[in-house]
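So the structure is just underneath, and the comments pick up after that.
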Amino acid sequence: MHNTESSVYLTTITIQNLYQIMFDQMGPQGWWPGESKFEIAIGAVLVQNTNWKNVEYSLDNLRRTTQLQPEKIHALTIEEIQTLIRPSGFFKNKSRCITALFEWLAQAHFDWKILSLQSTAKLRAQLLKLPGIGPETADSILLYCLDKPVFIADSYTRRIFNHLGSAQFSNYAELKTIAEQELNLTLSEFQEFHGLLDDFGKTNLKNWSSSFLAPYQLVLPKY
């Protein structure tokens with residue numbers, strides 16, 4: 001979004017530089033909110049097309065009913081799940097998704113470690129076959145529940161990268177692929193990067209020119 005004339009005065013950085021700049025400025029974010037991986041996985045489904053406050057209402061309902069124990073969630077009927085997650089909206093689609101997700105988890109005896117022995121690509125393919133799970137939700141579950149170092153190219157992240165002027169990313173897969181090829185981060189750093197990008201997006205995108213990223217131009221490799 002920077003024009004050519006103004007970009008002369010910008011400092012060029014790589015994606016790896018971007019992570020370090022954001023971490024130095026903002027510190028650790030401690031994402032994802034959730035006391036267990038099951039809560040995180042459910043939250044990743046519920047947060048689709050709504051805000052986190054609504055997700056918290058739904059999680060509270062589930063917590064009161066099931067203590068968020070996976071076997072108890074798995075035993076709920078779709079109708080029971082719909083009632084409990086109604087505050088998050090789209091409750092019919094999301095209930096089908098949660099039912100399918102916990103059926104998938106049940107096949108591994110609700111053991112994330114057993115599942116994580118499979119490759120990232122295989123797990124991602126399995127998740128994407130479940131109803132209601134798209135690339136962003138699948139990658140969130142991979143990153144925070146299955147301990148796979150993946151890049152989440154969500155809407156906030158694509159908008160930040162577009163502001164940095166290197167390219168116009170409307171495509172989730174394109175940015176994800178480039179970022180994962182360029183980044184040399186640990187699992188916890190991938191988790192932090194997602195938290196940093198999302199928290200920055202929520203608070204700074206509307207006031208980009210006064211943000212700490214405004215002086216930078218992101219340079220991407222050509223493949």
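- Relative to the six-membered ring of Phe91, Arg86 meets both conditions, a distance below 6.0 Å and an angle of at most 45° to the axis.
- No donor-acceptor distance shorter than 3.5 angstrom exists from the side chain of Asp199 to the backbone of Lys202, with no hydrogens or angles considered.
- At least one side-chain heavy atom of Leu128 sits under 4.5 Å from a side-chain heavy atom of Pro135.
- Judged by distance alone, the side chains of Asn207 and Ser210 never bring a donor and an acceptor atom under 3.5 Å apart.
- Scored by the ring pair (Phe, Tyr, Trp, His ring centres under 6.0 Å) test, Tyr57 finds no partners at all (sequence neighbours excluded).
- Across Asn17, Leu18, Asp24, a single residue satisfies side chain to side chain contact (heavy atoms under 4.5 Å, CB included) together with Gln20, and that is Asp24.
- Although no hydrogens or angles enter the test, the distance criterion places a donor-acceptor pair under 3.5 Å between the side chain of Glu39 and the main chain of Glu35.
- Residues in residues 114-154 take part in these ring-ring contact (aromatic ring centres under 6.0 Å, His included) pairs, two or more places apart or across chains: Trp32-Tyr144, Tyr144-His194, Phe151-Phe193.
- Closest approach of Met22 to Leu196, counting heavy atoms only: CE-O, 3.6 Å.
- Partners of Phe102 under the ring pair (Phe, Tyr, Trp, His ring centres under 6.0 Å) rule, at least two apart in sequence or in another chain, do not exist in this structure.
- With sequence neighbours left out, the side-chain contact (heavy atoms from CB on, under 4.5 Å) criterion links Pro28 to Phe23, Glu192.
- Annotation: ring-ring contact (aromatic ring centres under 6.0 Å, His included) contacts involving residues 67-88, sequence neighbours excluded, comprise His74-Phe110.
- Residues Tyr156 and Phe200 place their aromatic rings such that the two centres sit no closer than 6.0 Å.
- Look at Lys37 and Asp147 and you find a salt bridge, because one of the NZ, NE, NH1 or NH2 atoms lies within 4.0 Å of a carboxylate O, short of that distance.
- Contact annotation: the side chain of Leu62 never approaches that of Thr65 to less than 4.5 Å [non-hydrogen atoms, C-beta and beyond].
- Within the structure, every pair that satisfies the side-chain hydrogen bond (donor to acceptor under 3.5 Å, both in side chains) test and touches residues 104-116, not counting sequence neighbours, is listed here: Trp104-Gln126.
- Residues Val45 and Ile98 come closest through the heavy atom pair CG1-CG1, 4.1 Å.
- Inspection of the Lys94 and Gln48 side chains reveals no N or O donor paired with an N or O acceptor under 3.5 Å.
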Subject >> side-chain hydrogen bond (donor to acceptor under 3.5 Å, both in side chains) assessment of Arg159 paired with Asn162 >> reply: CA-CA 5 Å; Arg159 288 167 64 192; Asn162 290 344; over 6 Å; no
**OP:** Start with the C-alpha distance between Arg96 and Asn93, add both sets of side-chain angles, then the distance that settles side chain to side chain contact (heavy atoms under 4.5 Å, CB included), and finish with yes or no.
**Re:** CA-CA 5 Å; Arg96 283 194 291 271; Asn93 289 337; 2.3 Å; yes
